[in-house]
Amino acid sequence: MTDPWKAQLAGLTEAQRQAVEHTSGPLLILAGPGSGKTRVITHRVACLLRQGVPSRAILALTFTNKAAQEMQARVARLVPGQPVWMGTFHRFCAQRLRHYASLLGLQPNYSIYDTSDAKAALKVAIEQSRVSTSHVTPEQIGSAISRFKNRLLLPEDLADRRLESSRETIAARVYPIYRQSLLQANAVDFDDLLLHMACLLRDYPDLRSELDARYQYVMVDEYQDTNLAQYAIARGLSIDSPNLAVVGDPDQSIYSWRGADRRNVLQLEQDYPELTTIRLEENFRSTPAILRAADALIRHNRQRKHKTLWTHRPEAAAVRLVQYASDLEEAEGIADAIASAVQSGQRRYSDFAVCYRISALSRTLEMAMRSRVIPYYIARGVEFYQRKEIKDVLAYLHLLNNPQHDVALRRIINVPVRGIGAKTVDRLQAYAQEHGVYLLAACRQAGLVPGIPPRTAGLVARFVAMYDRLSIKSAAPLEDLLRELLDETKLREYYEAQQDEDADNNPVANLDELVSAAVEFDARHPQDGSLEKFLEEVALVSDTDEWDGESDRVSLMTLHAAKGLEFPCVFIVAVEQDTLPHSRSRESSEELEEERRLLFVGMTRAIDQLQLSVARRRLVRGAPRIVAPSHFLFELPRDEFEVIETQDPARFMPRSGDWDLPDRQWNDEPDFIQHDAMDESDSPVQRAGLGSPWPLGIHAARVRQAAGLEEDQSELHPSKSTRPGRISRRGPSTMKTAADLLREQQQGSGVPPEAYQVGMVVSHPRYGSGRIQTLSGAGLKRTAEIVFFSDNLPHRFVLALTPLTIEEQAE
DNA sequence: TGGCCTATTTTTTTT
DNA sequence: AAATAGGCCA
């Protein structure tokens, strides 16, 4: 009889086997896409177990529950009966922190604020800290605080620190107050889970060494996406027993916006001089053509160590690059392609994935699938747990679990309507703050709160009484509690009353779905079920995790959600400028490189077939737009592609030597391939702060310079017109000063602003003809956004001031 | 006070 | 298109 373990090892490559068998001492596995990373992790865990390591000494940290579940299942198959703890960093921390809550000034039943809870708390904190909010949004403050936390900075650490921007300065003022309010609410946000854990490990050496001893073997998946806090946790658990094994691929780092820091790789080398590095470069997933394309793309990243991707797979279909006339055609074309492949028996639905940069793009695809009765799974745009009615019910549960959860109380004190208005809540809040109690406590004394009339106080008292009645039941099985709650609060009635005919969004059905989730939870936890546990699970489970590879459905998902998955056929849609790369990431070359990695991740999901597509027209925020193909497309080897133009030979796709965008005439450079230097932040275009890189950016910059205008023409800044030179190729005759323009424009055109309509083709003396994309405002302020045929870029005009001629009525 | 209407702004990505 | 904020009326 052959040893099954030997057989398993025999199925691995040399590099993989090395990684699997390297069980003691620090280990860095650099694993390219499709290199059998999961396989290595699971076999490595199995190897540890075979060596007699007790399963409780192993800890595997992942980024998504989905990844954890899959690994767990695969380990269970290799070594049955020895369950190993695998889960997200956040879940691990949440569970550990229950035990040590008191060290942090929390109680074990602490709440985990989700994003919107945190935002609500933050808004209150911003008001209390009396900072000027004229130039910063709460989101910006929130993300700055989040960055502090991810970098392990506490409010007191910021005092003597030079802050990088005024935004950070403001955030630093709000931060302590926000933290205080969380503490008072016995709550943590997502970042706190990591931050608190890291601080515990740092500040309590005994605790740290105890946990270090307990978790002898720590593994981290997707290491390139860890932030400093996460690194500190992994490090803190792996000092005495430095058997830390991390797996990652810097080329797939796509979460820097969440604080991920690719420098953690360097940090690792520093903290573990004896680190062993193993590279997995053989790709077992994709065809050579797909790999070549992906590699060609990622080569354009400067901040990168080169890696060779290779495969034994035979040559197969070329990567397709398809141009559709519109987003609608794109969606329908893809849906048709899927339908016919399935019909002919070549493929099943679950072989396909359609990926997009932003989830707003799922809509059109979804409709196309639905109209063809193609079963699909969608990484939910609107998450289940984010829906109003669900959040309302959960807020009640949160409040029952943690009476100090002020955010929850605020949410539901008047849902359903009880006659307790904002004014009353404000007064209660002020009273609570003054007496240093939480909101529910203040409600109990509503009669004493200044300014609250007796009648309203009575209403508040009734609410509190109802809360107390429910509170008695809060230890009951979740299903019972939930039904009781829906009854007692009259929430079910409330939602039944406002039920629309829209079958699409049915609140009552959602409530039922929540009840079944509770039933399921009860069944899963017959002994140890608790409200607290349920809420924790809800907080840490995103809908992406419910993805189920079993059923035969097409997957629709964002590129981020696609990470870690693979599909025989992958479509990536809307590979267009301002979408991929996203318009928000054009500022820095770092962000641009991250966008490139994102496309790289998407492309390398494909096993057999990959199609990238662009549309010419697309609805953007409900308004029709002419869009340009992503300049990433021009970084890909054209001869690798099968280029398909479905319609409208507008020749905006890259074809041999044929690049027919209008700005060509101002651009002497022979070949776009040479232009990646433009991506560098030190390029003149970038330095001048003039928008996107080549090619459109150059043109736009020149046009704007020539016009002496930025986009908003309602306020002309003559000083800007004095920017000299660099427009010589257009010739002096086309140059006008802002003053000229102003004079011209003040005349307007005589056409009443209200007469313009979306879709009209109009002519502008400077830009030529273009189509009206959007209209807003009224009267003298009525503004049009026009995309000109000359540059394909949107420009805004105040109609009353702009001399436009109507060339063509709207279609 | 509260509900409703309108106007404006927004939207990257997720634990 | 959808969500949010602000304004107005019952």
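First the proteins, then the strands, lettered A, B, ... as listed; each starts at 1. None of the values given here were measured: they were computed from a predicted structure. Hydrogens, waters and symmetry mates play no part in the numbers below; they use all other heavy atoms, side chains included.
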Can a side chain N or O of A:Arg584 be found less than 4.0 Å away from OP1 or OP2 on B:dT13?
no

Find the distance between CG (A:Asn150) and CZ (A:Phe148) and round it off to the nearest 0.5 Å.
11.5 Å

Just call it for A:Ser583: base, sugar-phosphate, or nothing, with non-hydrogen atoms closer than 4.0 Å on any strand.
nothing

Using atom CZ of A:Arg363 as one end and atom C1' of B:dT11 as the other, report the distance to the nearest whole Å.
14 Å

If you restrict it to nitrogen or oxygen atoms, what contacts under 3.5 Å exist between nucleotides 2-6 of chain B and the protein, and what is each distance?
{"from": "B:dG2", "atom 1": "OP1", "to": "A:Gly421", "atom 2": "N", "distance (Å)": "3.3"}

Check for me whether the distance between the ring centres of A:Tyr113 and A:His405 falls short of 6.0 Å.
yes

Side-chain contact check for A:Phe190: nearest option of B:dT11, B:dT13, B:dT15 is B:dT15

Check: A:Phe571 ring centroid to A:Tyr356 ring centroid under 6.0 Å:
no

Taking the cut-offs as 6.0 angstrom to the six-membered ring centre and 45 degrees off its axis, would you call A:Arg98 and A:Tyr110 a cation-pi pair?
yes

If you check every side-chain atom of A:His560, which of B:dT1, B:dT10, B:dT13 has the closest atom?
B:dT13

How close or far is atom P of B:dT14 from atom CG of A:Leu540, stated in whole angstroms?
16 Å

side-chain contact (heavy atoms from CB on, under 4.5 Å) against A:Ala120, all qualifying residues, sequence neighbours excluded
A:Val407

Counting heavy atoms from C-beta on, name the nucleotide in B:dT14, B:dT1, B:dT15 closest to the side chain of A:Thr88.
B:dT15

From CZ of A:Arg618 across to C1' of C:dA1 the rounded distance in Å is 15 Å

Any side-chain donor near an acceptor of the partner, A:Glu329 and A:Ser326, under 3.5 Å:
no

Checking A:Asn301 side chain against A:Arg304 main chain: does a donor-acceptor pair fall under 3.5 Å?
no

Measure the distance from CG on A:Leu328 to P on C:dA1 and round it to the nearest whole Å.
13 Å

Considering only side-chain heavy atoms of A:Thr558, which listed nucleotide, B:dT1, B:dT13, C:dA1, is closest?
B:dT13

Here the distance between atom P of C:dA2 and atom CZ of A:Arg621, to the nearest Å, is 15 Å

Can you check whether A:Lys388 has a side-chain N or O nearer than 4.0 Å to OP1 or OP2 of C:dT4?
no

Side chains of A:Gln303 and A:Arg262: donor-acceptor distance under 3.5 Å anywhere?
no

What is the distance, rounded to the nearest whole Å, between atom CH2 of A:Trp257 and atom C1' of B:dT11?
13 Å

Tell me if the centroids of the rings in A:Phe632 and A:His300 come within less than 6.0 Å of each other.
no

The side chain of A:Ala561 lies closest to which of these nucleotides: B:dT14, C:dA1, B:dT15?
B:dT14

Check every atom of B:dT13, B:dT1, C:dA5 against the side chain of A:Lys123 and return the nucleotide holding the closest atom.
C:dA5

For B:dT13, does OP1 or OP2 lie under 4.0 Å from any side-chain N or O of A:Ser585?
no

Using whole Å, report how far CD of A:Glu139 lies from C1' of B:dT9.
12 Å

Could you list by number each residue of residues 454-463 of chain A showing a heavy-atom separation from DNA chain B of less than 4.0 Å, or answer none if no residue does?
none

So A:His90 and A:Phe190, would you call those rings parallel, tilted or perpendicular, with 30° and 60° as cut-offs?
perpendicular

On DNA chain B, nearest-nucleotide positions of A:Glu591 versus A:Phe89: which is more 5'?
A:Glu591

Is there a side-chain contact between A:Thr64 and the phosphate of B:dT14, meaning an N or O under 4.0 Å from OP1 or OP2?
no

Just how far, in rounded Å, is C1' of B:dT15 from CD1 of A:Ile233?
12 Å

Do we see A:Tyr255 stacking on the base of B:dT14, given a limit of 5.5 Å between centres and 30° between planes?
no

For A:Thr364, which contact category applies under a 4.0 Å heavy-atom criterion: base, sugar-phosphate, or nothing?
nothing

A:Trp85 and A:Tyr215 aromatic centres sub-6.0 Å
no

